[in-house]
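Reckoned from all heavy atoms, side chains included, excluding hydrogens, waters and symmetry mates. For ligands, and for the atoms within them, numbers begin at 1 and follow the listed sequence. In this chain, residues are counted from 1 in sequence order.
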Amino acid sequence: MSPAFTIRLASQRDALQIAEMSRTLIEVGLGWSWTPKRILRAIQDPQVNVAVACSTPGIVGFLIASYQAQYVHIPLFAVNAALRRKGIGSALVRWMEATALSAGIGTVRLEARLANHEARAFYRALGYREIMLEPGMYKGVEAGVRFAKDLWAEAHAGACKRP
Ligand SMILES: CC(C)(COP(=O)(O)OP(=O)(O)OC[C@H]1O[C@@H](n2cnc3c(N)ncnc32)[C@H](O)[C@@H]1OP(=O)(O)O)[C@@H](O)C(=O)NCCC(=O)NCCS
């Protein structure tokens with residue numbers, strides 16, 4: 001059964017838990033750069049959304065979206081390992097995409113480690129295209145893949161047809 005969860009913007013008191021999730025679920029082997037202080041700055045930044053998926057025990061997933069003039073960049077995103085493949089990641093991405101479209105932004109950009117086959121499969125399933133392979137993207141030692149998605153193309157494809 002799918003877990004019940006809601007998505008909301010993070011508050012300052014969520015910073016520690018989000019930073020811990022980044023350390024244990026995303027930045028493994030790269031050093032801890034998204035410290036509680038840095039997450040707190042992101043939460044307070046008016047150009048950044050830190051969204052969290054919450055269930056009964058607390059935060060089960062989060063996504064950080066940084067709004068630029070022409071695109072949204074997703075620097076950090078994860079779901080608790082025990083609750084994957086239950087739609088939480090998709091719900092966070094859909095939340096971010098709807099927010100971006102409401103703000104008039106039609107492109108999303110993000111990266112994943114080349115060896116992160118789970119995340120790459122996830123992004124492809126949600127309509128993201130692998131646009132560039134970059135050796136040394138992560139601290140000069142690990143290759144990464146750049147992804148992009150045209151949100152307007154998808155929105156127009158689903159637009160109401162004239163009678
Ligand atoms: C990537 C991640 C956020 C996906 O979260 P999730 O809640 O498991 O994703 P969903 O349940 O919404 O998956 C949606 C679809 O994506 C695809 N998908 C997700 N995980 C997959 C996997 N491990 N292998 C293949 N396809 C996968 C599937 O098509 C899935 O639909 P299905 O379960 O009906 O087949 C999660 O795997 C994660 O936290 N990974 C570690 C951190 C990370 O890599 N973050 C992203 C890069 S920074």
Side-chain angles (χ1 to χ4, degrees), residues 1-10 14-36 38-39 41-43 45 47-68 71-101 107-151 154 157-158:
M1 206 171 89
S2 293
F5 62 91
T6 53
I7 295 177
R8 62 164 171 80
L9 288 170
D14 298 321
L16 180 60
Q17 194 178 345
I18 294 169
E20 282 294 343
M21 288 174 75
S22 180
R23 185 174 67 80
T24 57
L25 303 176
I26 301 172
E27 298 191 272
V28 180
L30 292 173
W32 193 20
S33 74
W34 286 90
T35 57
R38 189 172 175 197
I39 296 288
R41 275 202 306 273
I43 290 170
D45 187 335
Q47 281 188 271
V48 175
N49 275 164
V50 181
V52 289
C54 297
S55 191
T56 321
I59 295 173
V60 293
F62 74 95
L63 179 147
I64 299 185
S66 172
Y67 297 85
Q68 312 296 316
Y71 62 90
V72 186
H73 180 241
I74 310 303
L76 220 56
F77 169 45
V79 169
N80 277 354
L83 290 169
R84 289 182 192 159
R85 302 302 289 266
K86 295 178 188 303
I88 297 172
S90 311
L92 280 162
V93 168
R94 297 290 182 213
W95 183 96
M96 171 275 296
E97 291 178 349
T99 306
L101 279 170
T107 304
V108 183
R109 295 185 190 175
L110 53 89
E111 303 84 32
R113 295 186 198 200
L114 183 64
N116 189 347
H117 299 288
E118 293 82 7
R120 290 172 61 193
F122 169 82
Y123 289 130
R124 287 195 300 266
L126 269 65
Y128 285 74
R129 286 185 308 113
E130 298 194 343
I131 55 170
M132 193 191 293
L133 167 66
E134 199 172 308
M137 178 188 285
Y138 293 94
K139 306 233 161 152
V141 294
E142 197 171 334
V145 179
R146 293 193 187 280
F147 282 81
K149 182 172 179 181
D150 180 347
L151 301 180
E154 189 177 78

**Residue L25 vicinity, atoms of ligand 1 by number, heavy atom under 4.0 Å** = 41 (C), 42 (C)
**Matching residue for F62 among I88, V79, N80, L76 - test: side-chain contact (heavy atoms from CB on, under 4.5 Å)** = L76
**Prompt:** Can an N or O of E111 be found at a distance shorter than 3.5 Å from an N or O of ligand 1?
**Reply:** no
**Prompt:** Of the protein's non-hydrogen atoms, which lies at the shortest distance from atom 13 (O) of ligand 1, and what is that distance?
**Reply:** F122 CD1, 3.6 Å
**Prompt:** Which ligand 1 atoms are under 4.0 Å away from a heavy-atom of A125?
**Reply:** 16 (O), 17 (C), 29 (O)
**Message:** For V79, which part has a heavy atom under 4.0 Å from ligand 1: side chain, backbone, both, or neither?
**Reply:** both
**Request:** For residues Q17 and V52, determine if any side-chain heavy atom of one lies less than 4.5 Å from a side-chain heavy atom of the other.
**Result:** no
**For ligand 1, the portion of R113 having any non-hydrogen atom under 4.0 Å away** = neither
**Request:** Give a yes or no on this: more than 12 heavy atoms of other residues, nucleotides or ligands lie within 6.0 Å of atom CZ of R129.
**Result:** no
**Complete:** Short version for Y123: what comes under 4.0 Å of ligand 1, heavy atoms counted, is side chain
**Asked** Is a side-chain donor or acceptor of E27 paired with a backbone partner of S33 at a separation under 3.5 angstrom?
**Response** yes
**Message:** Heavy-atom pairs closer than 4.0 Å: do any link ligand 1 to the side chain of A78, the backbone, both, or neither?
**Reply:** both
**Request:** Return a yes/no value for G89: is any of its N or O atoms, backbone included, closer than 3.5 angstrom to an N or O of ligand 1?
**Result:** yes
**Message:** Once rounded to the nearest 0.5 Å, what's the spacing between atom CG of L92 and atom CD1 of I7?
**Reply:** 4.0 Å
**Request:** Could you tell me which atoms of ligand 1, counted from 1 in the order shown, lie closer than 4.0 angstrom to a heavy atom of A121?
**Result:** 25 (C), 26 (N)
**Asked** Applying a strict 4.0 Å limit to heavy atoms, is G87 in contact with ligand 1?
**Response** yes
**Asked** Any nitrogen or oxygen of P75, main chain or side chain, under 3.5 Å from a nitrogen or oxygen of ligand 1?
**Response** no
**Complete:** Checking heavy-atom distances from atom 30 (C) of ligand 1 to each of E118, R94, M21, R85, the winner is R85
**Asked** Among H117, R84, E27, which residue places a heavy atom closest to atom 41 (C) of ligand 1?
**Response** R84
**Pairwise side-chain contact, Y67 with T99, heavy-atom cut-off 4.5 Å (strictly under)** = yes
**Item:** Identity of the nearest option to atom 48 (S) of ligand 1, non-hydrogen atoms only, from F77, F62, F5
**Value:** F77
**Request:** For residues F5 and L83, determine if any side-chain heavy atom of one lies less than 4.5 Å from a side-chain heavy atom of the other.
**Result:** no
**Message:** At under 4.0 Å between heavy atoms, is it the side chain or the backbone of L110 that contacts ligand 1, or both, or neither?
**Reply:** neither
**Request:** With the side chain counted from C-beta on, respond yes when R109 and R146 share a heavy-atom pair under 4.5 Å apart, and no when they do not.
**Result:** no
**Asked** Within the structure, does at least one protein heavy atom fall under 4.0 Å of atom 17 (C) of ligand 1?
**Response** yes
**Request:** Would you mind listing which atoms of ligand 1 come within a distance below 4.0 Å of any non-hydrogen atom of K86?
**Result:** 11 (O)
**Prompt:** How far apart are the C-alpha atoms of L114 and R120, what are their side-chain angles, what is the distance that settles it, and do they pass the side-chain contact (heavy atoms from CB on, under 4.5 Å) test?
**Reply:** CA-CA 8 Å; L114 183 64; R120 290 172 61 193; 3.4 Å; yes
**Prompt:** Does the pair E154/K149 count as a salt bridge with the N-to-O cut at 4.0 Å?
**Reply:** yes
**Message:** Run V93 and Y128 through side-chain contact (heavy atoms from CB on, under 4.5 Å) and show every step you take.
**Reply:** CA-CA 11 Å; V93 168; Y128 285 74; 3.7 Å; yes
**Message:** Does the protein come close to atom 5 (O) of ligand 1 - that is, does one of its heavy atoms sit below 4.0 Å from that atom?
**Reply:** yes
**Message:** Looking only at protein heavy atoms, which one is nearest to atom 44 (O) of ligand 1, and what is the separation?
**Reply:** N116 ND2, 2.7 Å
**Prompt:** Under the side-chain contact (heavy atoms from CB on, under 4.5 Å) criterion, do Y123 and V145 qualify, and how do the steps go?
**Reply:** CA-CA 11 Å; Y123 289 130; V145 179; over 6 Å; no
**Asked** Near S90, which atoms of ligand 1 are under 4.0 Å from a heavy atom of that residue?
**Response** 10 (P), 12 (O), 13 (O), 14 (C)
**Asked** Do R8 and D14 come close enough that some side-chain heavy atom pair is under 4.5 Å?
**Response** yes
**Asked** If we only count N/O pairs under 3.5 Å, is L126 in contact with ligand 1?
**Response** no
